[in-house]
There are 2 protein chains.
Amino acid sequence: MTDPAGPRATPTPPTSAAVARRAGVSRATVSYVLNGQAAGRVGERTQAKVRAAAEELGYVPHAAARSLRAGRGSIVLLAAPADTAPAFGSLFTSFLAGFQTALHGLGYTVVLHGAPAAAPLAAARAWAELRPAAVLTLDAPPPDAAAVALLRRSGTAAVLTHGPPAAPGAHTLLLDQHEAGRAAGAHLLARGRRRIGVIRPAEPGLARFADPRLAGVRSAAAAHPDAVVRPLDLALTEHSAAQLAAAWPDLGLDAVFAYNDEYAMLLMRALQDAGHALGTAPDGIGVVGADDLLLGRLLRPRLTTVRAEIIPPERIAALVDRLIRTPDTAPAAHRLGTFAVVARDSG
Amino acid sequence: MTDPAGPRATPTPPTSAAVARRAGVSRATVSYVLNGQAAGRVGERTQAKVRAAAEELGYVPHAAARSLRAGRGSIVLLAAPADTAPAFGSLFTSFLAGFQTALHGLGYTVVLHGAPAAAPLAAARAWAELRPAAVLTLDAPPPDAAAVALLRRSGTAAVLTHGPPAAPGAHTLLLDQHEAGRAAGAHLLARGRRRIGVIRPAEPGLARFADPRLAGVRSAAAAHPDAVVRPLDLALTEHSAAQLAAAWPDLGLDAVFAYNDEYAMLLMRALQDAGHALGTAPDGIGVVGADDLLLGRLLRPRLTTVRAEIIPPERIAALVDRLIRTPDTAPAAHRLGTFAVVARDSG
DNA sequence: AAACTTCCCTTACACGTGTAACCTCCGGCC
DNA sequence: GGCCGGAGGTTACACGTGTAAGGGAAGTTT
């Protein structure tokens with residue numbers, strides 16, 4: 001095939017064969033040169049010719065063909081269904097950005113796969129098509145044993161789930177929500193509060209975080225025989241908050257752990273509007289949030305909050321990389337971080 | 001290390017050849033059956049045997065091999081550098097989730113590629129390796145003409161950038177920030193404000209949104225000869241806000257467009273702490289935010305805000321799909337949405 | 001009975017890449 | 001002169017898949 005004189009766009013992307021033709025060498029030589037394996041095999045002049053030809057043609061290797069040949073894929077699949085991402089909130093966004101960048105630095109490609117929650121096995125099959133080196137799922141429900149087995153059999157080196165260990169064969173990334181509740185509860189109890197409400201968000205998908213937090217508050221309260229812990233339902237709307245505030249006097253509570261700072265802010269506003277005092281004021285209701293958002297510092301009283309000290313995304317990326325390189329590592333739980341109370345004025 | 005009870009990685013994942021052997025047929029037959037092309041070619045009994053064998057082996061097709069053979073890839077690459085995602089905030093997260101789900105429904109795979117901002121051409125090369133059907137970049141600076149040409153030549157059917165049209169050959173997704181500023185400015189002017197400050201966030205990456213918004217306020221002010229528009233620098237910290245509030249009396253302003261609701265809340269708190277009145281109070285400073293977050297409704301005075309009415313992610317996904325199917329569509333700008341003022345009490 | 005059709009399945013090639021193994025000069029050494 | 005060895009390449013195969021083309025046997029038409 002001789003090309004006409006005009007510099008028209010090539011209909012098919014340039015391949016390494018095209019580069020080879022143009023440089024007047026074999027395709028193998030092109031491969032060696034462009035992958036840095038040319039030392040002692042290919043002369044300087046030839047290398048220069050190859051590089052020039054590749055540059056002129058705008059050659060870019062074909063990742064699929066490459067990883068097909070190599071046998072090992074280099075993609076890390078992050079499975080987070082559409083309704084999970086908002087639940088994680090801004091923490092998720094910043095984590096995602098850092099994690100993605102770190103993995104990219106290690107040579108991996110991050111693929112988002114927010115399938116609408118399907119049967120675990122069907123989801124696993126869809127993931128396995130990409131032959132990912134690792135699958136990291138923030139999904140609920142987590143993949144079951146059959147799903148993990150399918151992934152492992154199809155070559156996935158590491159399967160990581162989030163939350164309490166679920167499927168055998170899968171590693172676990174653990175951010176112990178129980179501890180968040182325990183820390184908040186202990187803090188309120190230490191300040192003399194004894195009748196504690198715990199917000200359970202109405203939003204779907206948050207229950208698996210909220211329930212262990214509630215249990216954590218209960219376990220903190222176990223040390224105080226006169227302590228009472230009571231779950232409270234709340235949706236992230238003004239209406240829902242107003243309802244809860246209106247019912248407040250009947251609840252007989254003196255403090256509340258508000259799940260996170262946004263719910264806390266919503267609730268504080270509603271309680272204030274209903275005429276209740278907050279924080280250290282006389283008869284003030286104690287409020288503890290979570291996540292340590294900037295807005296919490298702007299509220300009055302300033303919001304006491306439980307902050308997650310998450311290990312940096314680079315370290316999680318390094319962990320994933322390690323698990324990929326040693327595929328037979330026995331499954332274990334890895335702590336993602338710890339919780340600490342940031343004491344301010346609201347509780 | 002004890003051997004885990006869970007399944008171990010099989011040395012070689014099952015291929016269609018393995019299925020063929022097990023079913024006692026040729027590999028081609030397997031392919032036809034599993035891809036639904038078996039009507040009239042393969043007998044019912046044979047089909048059943050093939051499906052059973054595939055099921056027993058846990059066979060999953062190899063996406064890379066498939067798309068290599070098919071020639072056309074099915075991935076949509078979303079290029080958003082790490083420092084961009086937080087700038088978009090929660091809007092980005094929810095958009096991302098919806099967009100990803102919609103594209104998945106159309107048969108595409110979304111790959112996140114948050115490369116650290118490199119030279120446009122180098123970034124384009126990295127993207128091209130994946131042979132994406134489409135590249136959608138939220139990056140700054142956007143890919144230049146050479147980068148777009150490289151992508152097109154390597155088979156990318158559609159390149160979409162975000163912001164004002166930049167590179168020839170690329171389609172444009174436009175959310176006219178100028179209009180946001182114009183809407184906010186017009187609103188404040190209609191309420192009698194004449195000396196308007198406009199927050200310019202100190203956070204990197206936001207300038208390309210903030211600058212057109214400032215220009216938009218200016219263009220709204222052009223209709224009022226006595227109007228003054230003044231840019232104000234502000235970082236998202238309490239300290240920065242306190243500084244600005246302290247300097248406020250010297251600025252001689254009666255209103256401020258605060259870039260978004262978070263900056264607005266920060267600034268309102270600082271101004272209140274410095275003893276300034278807000279909103280409709282006597283000598284109250286007018287404040288307009290943007291994004292219409294829940295928190296704005298909880299502030300006192302309630303925050304007036306500029307809301308982006310973004311078209312649903314499904315429609316953007318459909319657009320991308322259409323552009324992929326008709327690769328020679330002339331580049332055009334597509335509006336992502338419009339802005340409207342939600343008038344409350346702060347301005 | 002020969003030719004044609006239909007059904008069902010197989011053989012053979014292509015996609016783009018990496019790399020082990022081989023091949024060819026060419027100069028040096030016994 | 002024959003053997004060795006290294007520098008500088010090339011040939012050949014493998015990865016897993018989709019599909020066009022072929023092919024044989026049984027039934028149907030001429």
Side-chain angles (χ1 to χ4, degrees), chain A residues 10-50 53-54 57-74 128-133 153-155, chain B residues 10-51 53-54 57-74 128-132 153-155:
Chain A
T10 312
T12 83
T15 71
S16 73
V19 176
R21 269 195 305 274
R22 185 171 240 265
V25 299
S26 79
R27 211 177 47 68
T29 301
V30 171
S31 179
Y32 284 126
V33 170
L34 264 36
N35 291 315
Q37 313 273 13
R41 320 180 73 141
V42 183
E44 277 300 331
R45 277 185 46 110
T46 310
Q47 290 197 35
K49 270 197 305 185
V50 169
L57 289 175
Y59 169 70
V60 173
H62 191 306
R66 171 178 287 187
S67 77
L68 172 60
R69 160 66 222 214
R72 42 150 214 131
S74 66
E129 287 195 9
L130 297 174
R131 296 291 191 278
R153 210 178 328 144
S154 75
Chain B
T10 310
T12 76
T15 71
S16 73
V19 175
R21 268 195 306 275
R22 185 172 240 266
V25 299
S26 79
R27 211 177 47 68
T29 301
V30 171
S31 178
Y32 284 125
V33 171
L34 264 38
N35 291 314
Q37 314 273 12
R41 321 182 71 144
V42 182
E44 277 300 330
R45 278 186 44 110
T46 310
Q47 290 197 35
K49 270 198 305 186
V50 169
R51 282 188 229 280
L57 289 176
Y59 168 70
V60 174
H62 191 305
R66 170 177 287 188
S67 78
L68 172 59
R69 161 66 222 218
R72 43 150 214 133
S74 67
E129 287 195 9
L130 297 174
R131 297 291 191 275
R153 210 179 328 146
S154 76

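First the proteins, then the strands, lettered A, B, ... as listed; each starts at 1.
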Engineer: What is the per-nucleotide protein-contact pattern of nucleotides 9-17 of chain D, from the 5' end, where B denotes a base atom under 4.0 Å from a protein heavy atom, S denotes such proximity for sugar-phosphate atoms only, and - denotes neither?
Structural biologist: BBB--BBBB
Engineer: What is the minimum heavy-atom distance between A/A54 and A/L34, and which atoms define it?
Structural biologist: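 Heavy atoms of A/A54 and A/L34 come nearest at CB-CD2, 4.3 Å.
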Engineer: In Å, rounded to the nearest 0.5 Å, how long is the span from CZ of A/R21 to OG of A/S26?
Structural biologist: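 The CZ atom of A/R21 sits 12.5 Å away from the OG atom of A/S26.
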Engineer: Backbone N or O of A/V42 within a donor-acceptor pair of the A/Q47 side chain at under 3.5 Å?
Structural biologist: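 The answer is yes, because a donor-acceptor pair under 3.5 Å joins these two groups.
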Engineer: Can you give me the bend angle of the helix from C/dA1-D/dT30 to C/dC30-D/dG1? Use the axis through the first five pairs and the one through the last five, nearest 10 degrees.
Structural biologist: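 Inter-axis angle at the ends, rounded: 80°.
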Engineer: Which heavy atom in B/Y59 sits nearest to a heavy atom in B/T15, and how many Å separate them?
Structural biologist: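 The answer is CE1-C, 3.5 Å.
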Engineer: Give the intermediate values and the outcome of side-chain contact (heavy atoms from CB on, under 4.5 Å) for residues A/N35 and A/R66.
Structural biologist: CA-CA 12 Å; A/N35 291 315; A/R66 171 178 287 187; 3.6 Å; yes
Engineer: For nucleotides 25-27 of chain D, tabulate all protein N/O to nucleotide N/O atom pairs closer than 3.5 Å, reporting atom names and distance.
Structural biologist:
none

Engineer: Work out which heavy atom in A/V50 is nearest to a heavy atom in A/V30; give both atom names and the distance.
Structural biologist: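 Closest pair (atom of A/V50, atom of A/V30, distance): CG1-CA, 4.1 Å.
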Engineer: Give the C-alpha distance, both sets of side-chain angles, the deciding distance and a yes or no for side-chain contact (heavy atoms from CB on, under 4.5 Å) between B/R131 and A/V60.
Structural biologist: CA-CA 9 Å; B/R131 297 291 191 275; A/V60 173; 4.0 Å; yes
Engineer: Ignoring hydrogens and angles, tell me if any N or O in the side chain of B/R153 forms a donor-acceptor pair with the backbone of A/L57 under 3.5 Å.
Structural biologist: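 Side chain of B/R153 to backbone of A/L57: a pair is present.
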Engineer: Testing the basics here: between B/A128 and B/S154, what is the closest heavy-atom pair and its distance to 0.1 Å?
Structural biologist: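 Result for this residue pair: CB-OG, 3.4 Å.
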